Amino acid sequence: MQENTTSNLQPQYLVLARRYRPQTFADVLGHDAVVTTLKHALRLQKTSQAYLFAGPRGTGKTTLARLFAKALNCTCLKSESEPCNACSSCQEITESRSLDVQEIDGASHRGIDNIRAITEGAAYAPTSSRFKIYIIDEAHMLTKEAWNALLKTLEEPPPSVKFFFATTEPHKIPSTILSRCQRFTLRRISHSLIVTKLQKISHDVGLAIDETTLLRLADYADGALRDAESLFDQLLTFSNGSITEGVLEEVLGIAPFDWLLELDRAIDTADVATAYKISDRVFYEGKDIGHFIEDLCDHFKTMLLLKLSIPLPTACPDERKKELLKITENISQEHLIETLALLAEAQKTMNSAASERFLLEWLLISIVRIKRKVPLALIVKKLFELQEKLPQASHIEEPKPSQALPEATKEPVAAVPEELICQVERKETIVPRTPHEEECRQENLIRFAAVELGATLSKKK
Ligand SMILES: [Zn+2]
């Protein structure tokens with residue numbers, strides 16, 4: 001149902017997120033378990049004095065709190081515990097002018113005085129409804145003192161008073177408060193549900209937009225329906241009747257999917273020049289570098305899942321899936337995992353990087369050269385194969401810290417400095433190794449062993 005908000009003075013544009021805000025439990029998307037629990041509580045008249053709605057932004061925390069408040073105060077609750085949306089209480093809540101259901105922004109009313117005003121008000125009976133309900137949004141922003149001031153009222157509230165808290169960061173709420181609340185954790189909304197909702201809206205407003213574009217939009221919104229609706233609003237302003245994927249990319253500053261495919265092709269030939277060109281385009285066309293790296297993560301993760309025949313967590317158009325499957329034929333599972341490791345590292349260093357542009361260039365170059373890198377697993381496999389070929393059982397021993405490296409190692413190990421091996425070994429006796437040191441050590445040992453085996457084999461000949 002659409003929110004009925006009109007002004008007598010002048011017609012105002014109502015953003016889609018408000019226009020299509022659910023007004024009944026049936027309209028709520030993706031939170032079936034929470035809705036069922038709330039409806040049961042209403043039907044059995046077993047409601048708690050405080051509720052906490054936790055979850056990522058834009059997933060409907062305050063919408064659910066408002067709906068529940070509406071149902072609690074509705075004078076002619078319909079079957080299935082749905083609010084009627086016609087009685088004066090329902091209408092007042094819909095139009096945000098109810099004296100008994102107050103919404104408070106915890107971010108700007110976070111102090112002890114703000115909470116005292118609430119607790120003093122809670123002492124009075126509701127003006128016209130059954131319950132006096134305080135919905136505190138961004139509740140994690142309240143100060144410690146403010147929570148302490150609220151604790152007493154929360155412990156033994158007047159029977160007609162209820163508190164609903166909404167937060168994206170429940171871990172910041174004191175445990176003394178959490179233990180007095182019934183808690184609901186809202187999940188991100190699935191891409192397919194977001195697409196269904198946006199399809200309905202585009203039908204209502206007469207906008208032509210295909211499913212691939214909507215999926216891309218849902219992906220960008222990252223499970224936040226409100227974000228998806230806001231972005232859709234932005235597209236509506238831009239469009240004149242239809243929206244293509246290209247328009248979406250232009251409006252939102254997303255890199256085209258073709259660029260990712262171009263990078264995939266460059267991996268095949270280790271084409272560093274293409275890596276530079278893509279990086280340049282991202283930079284000069286003003287695309288968000290952080291978001292581009294996220295796109296790359298999704299892209300390579302999708303390919304890995306397809307390669308492993310694992311169902312994709314998010315919807316992907318069939319045509320695109322076919323295209324990606326074809327690419328995965330030429331890139332191994334190990335290489336995909338290594339690429340994801342590179343991307344994860346880039347995301348980690350992004351904030352501290354002196355130049356985001358250089359970080360991106362280096363990342364793309366490393367990605368296109370990934371096939372040139374021999375995976376460690378392959379080296380180990382080859383070593384075992386070599387070992388099998390030896391006439392007598394010969395095993396690889398780790399060099400002792402004091403033991404000098406054999407002559408044979410000096411030349412071929414030029415890329416892995418001898419002193420590094422010794423350094424790693426020396427550290428062993430002093431401090432525990434970091435994961436990076438351990439990795440270096442193992443790699444060095446494998447190289448060392450490879451040279452040893454090579455030398456042994458040539459002696460046997
Ligand atoms: Zn009603």
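Start at 1 and go down the list; that is how both ligands and their atoms are numbered. What you see is a predicted model; the values in this text were computed from it and never measured.
- Remark: Arg21 does not engage Asp27 in a salt bridge, criterion side-chain N to carboxylate O under 4.0 Å.
- Protein N/O/S atoms found under 2.8 Å from the Zn ion (ligand 1), listed by chain and residue number: Cys74 SG, Cys84 SG, Cys87 SG, Cys90 SG.
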Is there a side-chain contact (heavy atoms from CB on, under 4.5 Å) between Thr94 and Gln23 once you walk through the steps? CA-CA 8 Å; Thr94 303; Gln23 301 299 333; 3.8 Å; yes

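- Using cut-offs of 30° and 60° on the angle between ring planes, the pair Tyr134 and Phe163 is parallel.
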What do the steps show when you test His40 against Thr37 for side-chain hydrogen bond (donor to acceptor under 3.5 Å, both in side chains), and what is the final call? CA-CA 5 Å; His40 279 182; Thr37 315; over 6 Å; no

Atom pairs and distances, side-chain donor-acceptor, residues 251-270, under 3.5 Å, sequence neighbours left out:
{"unit_1": "Glu262", "atom_1": "OE1", "unit_2": "Arg281", "atom_2": "NH1", "d": "3.3"}
{"unit_1": "Glu262", "atom_1": "OE2", "unit_2": "Arg281", "atom_2": "NH2", "d": "2.8"}
{"unit_1": "Asp264", "atom_1": "OD1", "unit_2": "His299", "atom_2": "NE2", "d": "3.2"}
{"unit_1": "Asp264", "atom_1": "OD2", "unit_2": "His299", "atom_2": "NE2", "d": "2.7"}
{"unit_1": "Asp268", "atom_1": "OD1", "unit_2": "Lys371", "atom_2": "NZ", "d": "2.7"}

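- Note that NE2 of His140 and CZ of Arg110 are 9.0 Å apart. Values are rounded to the nearest 0.5 Å.
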